[in-house]
Amino acid sequence: MSVNTQQQGSPVVEVRNLVTYYGTRKILDDISMNVCEGEIMVIMGGSGSGKSTLLRYMLGLHRPDEGEVRLFGRDISRLGGREWQEVRRRIGVAFQGGALFNSMTVGENVRLPLREHTRLDENTMRIMSRMKLEVVNLSGFEHLMPAQLSGGMVKRAALARALVMDPEILFFDEPSAGLDPVVAADLDKLILRIRDATRVAIVVVTHELESAFEIADRITVLDRGRILMIGTVDEVRNSDNARVRNLLSRTSEDIEVDAEDYLQRLTEGAD
Amino acid sequence: MYPVEEKQGFSVVCLHGEVDLSNSPEARRTILNCLKKLRHVMVDLSAVEYIDSSGVASLVEGFQYARSNNLEFGLIGVSEAAMGVLRLARLDQVFHIYPSLDDRLGNGSRG
Amino acid sequence: MAAGVERHNGPQRLIEGVGRRFVAGVEEFGYGGTLLVESLFWLLLGRWFRQPVRLPAVAEEMMSIGVRAIPVLVILAFANGAMMAMQGIYTLRDFGAESHVVPGIAMSVVREFGVLIAGIVVAGRSGSAIAARIGTMQMAQEVDALRVMGISPVRYLVAPVLAAMLLMMPALTVLANCLAIVGGGVFSVMELHIGWVTYFDRVLAVLSSDDIAQGMIKSLVFGVLITLVATANGFSASGGAEGLGRATTRSVVLCISAIVVADMIFTFFLSR
Ligand SMILES: Nc1ncnc2c1ncn2[C@@H]1O[C@H](COP(=O)(O)OP(=O)(O)O)[C@@H](O)[C@H]1O
Ligand SMILES: [Mg+2]
């Protein structure tokens, strides 16, 4: 897989010197990275390292405090309403918990983007949504409510909804989290199949090493809001960066203590 | 409007360029119109650069309509890009797909 | 972080706290305002932008906000009318002014209590339900999902509620008025030894279209307030099940406070 990363297409996602805060707490620090056409980019890192946050900024759910995010070459914080709408029709997102609408059946969930954005014939929309449910192996579950689905099925339904408009970029937050290994591996295969068939660029956020190595063309390793490295699977595997090695061997490294900082953390807000 | 040629008892619908949300309704209408005239239909995809799911859905609708009216419906000249999309939804196992109209006729006389 | 010195300064902290609350309050007001403007925009112009407010959703909201509130509303309005009659008759009897009870009931129900009861019933039921629903969606990232699909959460979640409120609140108010007057009638007819016909004659004699309009306008304002408070609290919910509970409680309390305060302001200006 790492073979075709040399001849990358043009970037569809560009993050430039992104700095973000929650309140006064800095969450992402000076993040710069690209995702190219037809590439699977995995954003990997421990829990709380800022992966989901980075994803949210890529989706334009927040405005960067510093730096910029570009989708299809356009700075998303400068887009007008109509232009944003255009860009959003070209991306699909599967959120961590699926974010299916509980008041609608699975089929209605998958059709929702079509219903809102297109004027296609009802019959065409139904066929399209069923085709996507076929792709994710959920055929026949169209009429179920999201509450009736298992964890893996929810993720696949969310994937079907994300794919229904044939996006050029697919974002997928934690596809394998909370799933048993067999189901998770199936989902990985599905992601690869989708990429091979449609040449969609895929951004996957995960903390699962196995999954990351299985599907990635390139991996961005995130640690405490900073990028440790960006590289192919082999480059990450063979990295001699101590932090990366720690992450790979899953040993919790001894956390260095800054005495002043530590004391501050313990006593902050106390009278 | 997509061109339709009458050849050897078939209406050959030539889709071309990018068949996406903006023009798949047109493709759908063209295909269904031919079928409603009770013509056998071949859809020529050789000039298609890209076909999205709404385009494929139009093909599915045509195929379904043809089957329920005992008409023939096939795809010819399916490009690799279009084939990928069909394969993803396993539709390559559903549609009658021929390299060209001649192949269909050759097959037909043999079968 | 650099505020180490100020941290131990009591009064300053108090002022800081008050200031922060004040700013947060103003922000919330502004947020409510933008929700209102945006909802009205979608209701009026959505169709033109090919993004209409979904009518089935409006109908559904009308059911849950309006129709399902009727049983409670009937009981409360009836009881309230009866209580007003009892209080009025017993207190005014001492002054020999019993005959003024019926006009009193009619006026205060139509101007004040009918709409207030409708408001409180809707605030209690829907103020919590709407905040809980939107809060749940917010936490499950469903609101984000709408946004990235290019579907305005305000159009999808707030505008149907606003439309339903604007339609149902006046209807519920009319219903509450009628039942409160009937409730007052039951007791008045017995105690004052008048017939139902006389009772309704006296009621209608004092009511002007202005009074009724006043109640209707208030009902619309209450509907808007409940919508904005409940949806704003839903959208700002965070922090798991506990946070959801906090948001819904806060929503009900603020909804009821908002309509009572708004009612007072109305009465102050309109009763003069
Ligand atoms: N809504 C929020 N408010 C405040 N802090 C948050 C919020 N969401 C996430 N954080 C913090 O941001 C950091 C990164 O979170 P996140 O991006 O979710 O990490 P990851 O997805 O890598 O597990 C965490 O320390 C988390 O506590
Ligand atoms: Mg996460």
Side-chain angles (χ1 to χ4, degrees), chain A residues 9 37-38 85-92 107 110-140 142 156 159-170 189-200 202, chain B residues 1-2 13 15 17-36 41 43 45 48-69 73 75 78-95 97:
Chain A
E37 272 174 351
Q85 207 72 351
E86 280 305 305
V87 169
R88 283 189 159 145
R89 289 170 67 145
R90 297 166 68 187
I91 67 177
V110 176
R111 273 191 292 281
L112 182 65
L114 296 173
R115 185 148 286 148
E116 294 291 327
H117 290 301
T118 73
R119 326 205 85 202
L120 293 171
D121 187 83
E122 186 66 26
N123 213 11
T124 311
M125 287 199 269
R126 194 164 43 240
I127 293 174
M128 287 172 74
S129 62
R130 287 184 185 163
M131 265 164 48
K132 297 304 176 185
L133 287 172
E134 289 284 345
V135 170
V136 301
N137 299 325
L138 275 184
S139 51
E142 190 188 354
R156 283 183 283 147
L159 183 57
R161 185 175 70 183
L163 289 173
V164 78
M165 296 276 288
D166 295 307
E168 290 162 60
I169 316 173
L170 171 67
K189 289 204 195 77
L190 182 57
I191 291 171
L192 286 171
R193 218 152 66 79
I194 289 165
R195 193 278 305 270
D196 291 340
T198 62
R199 302 307 297 165
V200 59
I202 305 182
Chain B
M1 211 44 203
Y2 290 104
V13 179
L15 302 185
E18 305 207 332
V19 183
D20 57 19
L21 289 171
S22 62
N23 48 28
S24 66
E26 187 61 51
R28 173 177 182 268
R29 212 169 310 132
T30 311
I31 293 168
L32 288 178
N33 276 344
C34 292
L35 290 166
K36 279 175 188 155
V41 169
V43 181
L45 297 174
V48 169
E49 290 152 23
Y50 170 80
I51 184 163
D52 75 354
S53 346
S54 69
V56 175
S58 306
L59 299 179
V60 172
E61 266 186 281
F63 188 41
Q64 173 58 25
Y65 188 93
R67 278 174 56 119
S68 52
N69 289 281
F73 183 93
L75 308 180
V78 182
S79 61
E80 198 41 48
M83 203 60 192
V85 180
L86 293 180
R87 220 177 271 132
L88 183 62
R90 300 190 198 85
L91 284 167
D92 54 328
Q93 301 164 34
V94 174
F95 283 117
I97 298 172

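The contact between A:Asp121 and chain B is made entirely by side chain atoms (from C-beta outward), counting heavy-atom distances below 4.5 Å. For chain B, the nearby part of A:Thr118 is the side chain; its heavy atoms alone come within less than 4.5 Å. For B:Ser22, no part lies under 4.5 angstrom from a heavy atom of chain A. No part of A:Arg130 comes within reach of chain B, as not one of its non-hydrogen atoms sits under 4.5 angstrom from that chain. Only the side chain of B:Leu91 comes within contact range of chain A, with heavy atoms under 4.5 Å apart. At a 4.5 Å heavy-atom cutoff, A:Leu133 makes no contact with chain B through either its backbone or its side chain.
A:Arg156 contributes a side-chain N or O that, together with a main-chain N or O of A:Asn137, makes up a donor-acceptor pair within less than 3.5 Å.
A side-chain contact (heavy atoms from CB on, under 4.5 Å) with B:Leu59 holds for exactly one of B:Val13, B:Ile51, B:Val94; it is B:Ile51. Exactly one of B:Ser54, B:Ser58, B:Ser24 qualifies for a side-chain contact (heavy atoms from CB on, under 4.5 Å) with A:Met128. That residue is B:Ser54.
Listed options A:Arg89, A:Lys132, A:Met131, A:Glu134 were ranked by heavy-atom pairs under 4.5 angstrom with chain B; first place goes to A:Met131. Contact tally against chain B (heavy-atom pairs below 4.5 Å) for A:Thr198, A:Asp196, A:Leu120, A:Val164: the top residue is A:Leu120. Ranked by non-hydrogen atom pairs under 4.5 Å with chain B, the options A:Asp166, A:Val135, A:Ile127 are led by A:Asp166.
Scanning both residues, B:Ile31 and B:Gly62, for their nearest heavy atoms gives CG2-CA, 4.0 Å. Among all heavy-atom pairs drawn from A:Leu170 and A:Val200, the shortest one is N-CG2, 3.8 Å.
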Output, in order, the C-alpha distance, side-chain angles, deciding distance and verdict of salt bridge (Lys or Arg N to Asp or Glu O under 4.0 Å) for B:Glu80 and B:Arg87. CA-CA 10 Å; B:Glu80 198 41 48; B:Arg87 220 177 271 132; 3.6 Å; yes
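Donor-acceptor pairing under 3.5 Å is lacking for the side chains of A:Glu142 and A:Ser129.
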